There are 2 protein chains.
Amino acid sequence: MKSSEICPRFEAAISLLGQRWTGLIIHQLMDEPKRFGQLTEEIGISGRLLSERLKNLENDGLVERTVYPETPVRIEYSLTEKGASLQPVMKEIERWSQNWIEPAKTAESPS
Amino acid sequence: MKSSEICPRFEAAISLLGQRWTGLIIHQLMDEPKRFGQLTEEIGISGRLLSERLKNLENDGLVERTVYPETPVRIEYSLTEKGASLQPVMKEIERWSQNWIEPAKTAESPS
DNA sequence: CCCAACTACTTACTATTTGTAACCTATTTT
DNA sequence: AAAATAGGTTACAAATAGTAAGTAGTTGGG
């Protein structure tokens with residue numbers, strides 16, 4: 001019952017990243033801003049959840065929604081400075097996955 | 001619908017860490033092996049879910065369950081090499097949270 | 001020996017979150 | 001005008017998480 005012992009900031013960070021899709025969305029926005037449809041296709045998430053997640057990420061200040069009033073209107077989602085600063089985290093997860101996740105199998109250990 | 005474009009290893013890693021409690025459990029086991037009751041208290045997770053998560057983590061080869069046949073029996077959970085190799089990831093999340101999460105508020109930016 | 005307490009879970013049930021599919025509005029192409 | 005595309009929202013079923021109580025194997029006391 002005591003959720004002490006753990007740094008509340010770390011807990012907050014984990015409750016952000018430890019939510020389904022969130023990490024993937026941030027990862028996909030790392031290189032360049034993307035549009036709603038592009039994200040659903042690349043990630044394989046439903047519109048309902050993508051919409052929900054993007055709203056949360058906006059509220060947390062990680063993602064920014066920009067409307068370009070061209071014709072037709074174009075809407076892009078990009079990372080804020082706070083969001084972009086997760087790059088080292090993403091890089092480390094990538095590195096770990098390269099070393100410890102077998103591509104096809106569900107195996108345990110690298111060469 | 002196409003979940004291509006994303007490295008399947010990265011996806012696998014994210015689906016591990018992007019699950020509620022998993023990151024916190026790994027983090028708590030980083031320093032030293034712990035017992036079931038200790039984890040529930042520190043993390044604030046229910047027995048049901050802790051049990052489930054630990055089983056999954058065992059299956060994924062991240063956590064090891066050791067039974068010490070003392071009297072009374074003592075059961076400890078520890079990280080395997082694969083689990084321990086997530087330390088850089090945890091460290092980066094910690095670093096990020098120190099820089100970008102305000103302790104009391106839900107604020108946006110560091111000093 | 002019997003009863004309470006402790007650890008490590010499991011089971012039953014409820015609440016919340018996800019996933020699926022259909023729908024909506026505005027614009028644009030055929 | 002009809003169909004298509006972008007960017008969503010809504011309604012509902014299915015899966016997952018949370019809560020509380022129960023179980024099994026000790027241990028310690030009366």
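Since the structure is predicted, the reported quantities are computational estimates derived from the model, not experimental observations. Any value given below was found using the heavy atoms of this structure, including those in side chains, with hydrogens, waters and symmetry copies removed. Note on naming: letters A, B, ... go to the chains in the order of the sequence lines (proteins, then strands), and numbering restarts at 1 for each one.
- A salt bridge links E94(A) with K91(A): at least one charged nitrogen is closer than 4.0 Å to a carboxylate oxygen.
- Regarding I25(A), its CD1 atom lies at a distance of 13 Å from the C1' atom of dT18(C), rounded to whole Å.
- R48(B) contributes a side-chain N or O that forms a donor-acceptor pair with the base of dT19(D) under 3.5 Å.
- Atom CZ of R95(A) sits in a sparse spot, with 12 or fewer heavy atoms from other residues, nucleotides or ligands closer than 6.0 Å.
- Rounded to an integer number of Å, the gap from NZ of K34(A) to P of dG7(D) is 14 Å.
- Side-chain nitrogen and oxygen atoms of R20(B) include at least one within less than 4.0 Å of the OP1 or OP2 phosphate oxygen of dG18(D).
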(message) R65(B) vs E76(B), test: salt bridge (Lys or Arg N to Asp or Glu O under 4.0 Å). Steps then yes/no.
(response) CA-CA 6 Å; R65(B) 181 182 191 266; E76(B) 282 193 347; over 6 Å; no
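- Mapping E52(B) and V73(A) onto DNA chain C by nearest heavy atom places E52(B) at the nucleotide closer to the 5' end.
- Both E76(B) and W21(A) sit near DNA chain C, but only E76(B) has its closest nucleotide nearer the 5' end.
- Of the candidates dT19(D), dT18(C), dC9(C), dT18(C) carries the atom nearest the Q19(A) side chain, counting heavy atoms from C-beta on.
- In the hydrophobic cluster analysis, where Ile, Leu, Val, Met, Phe, Trp and Tyr join through side-chain heavy atoms closer than 4.5 angstrom, Y77(B) is grouped together with V67(B).
- Atom CG of L39(B) is separated from atom C1' of dT7(C) by 13 Å (rounded to the nearest Å).
- Under 4.0 angstrom from either OP1 or OP2 of dG8(D) there lies at least one side-chain N or O belonging to Y77(A).
- At whole-Å resolution of the value, CZ in R74(A) and P in dG7(D) are 10 Å apart.
- Closest to the side chain of T71(A), from the set dT28(C), dT27(D), dG19(C), is dT28(C).
- R35(A) has a side-chain polar atom (N or O) that falls below the 4.0 Å cut-off from OP1 or OP2 of dG7(D).
- Rounded to whole Å, the distance from CZ on R65(A) to P on dG7(D) is 9 Å.
- Across all strands, G47(B) comes closer than 4.0 Å to base atoms (heavy-atom distances).
- For dT10(C), one of the phosphate oxygens OP1 or OP2 lies less than 4.0 angstrom from a side-chain nitrogen or oxygen of K55(B).
- Phosphate contact (OP1/OP2 of dA8(C), side-chain N/O of S51(B), threshold under 4.0 Å): absent.
- Among the nucleotides dT27(D), dG7(D), dC9(C), the one closest to the side chain of P72(B) is dT27(D).
- For the pair L50(B) CG and dT7(C) P, the computed distance is 15 Å after rounding to whole Å.
- Atom-to-atom distance recorded for E81(A):CD and E64(A):CD is 11.5 Å, nearest 0.5 angstrom.
- dA17(D) atom P lies 9 Å from atom CG of N56(B), rounded to whole Å.
- Computed from coordinates, the L49(A) CG to dC12(D) P distance equals 18 Å when rounded to whole Å.
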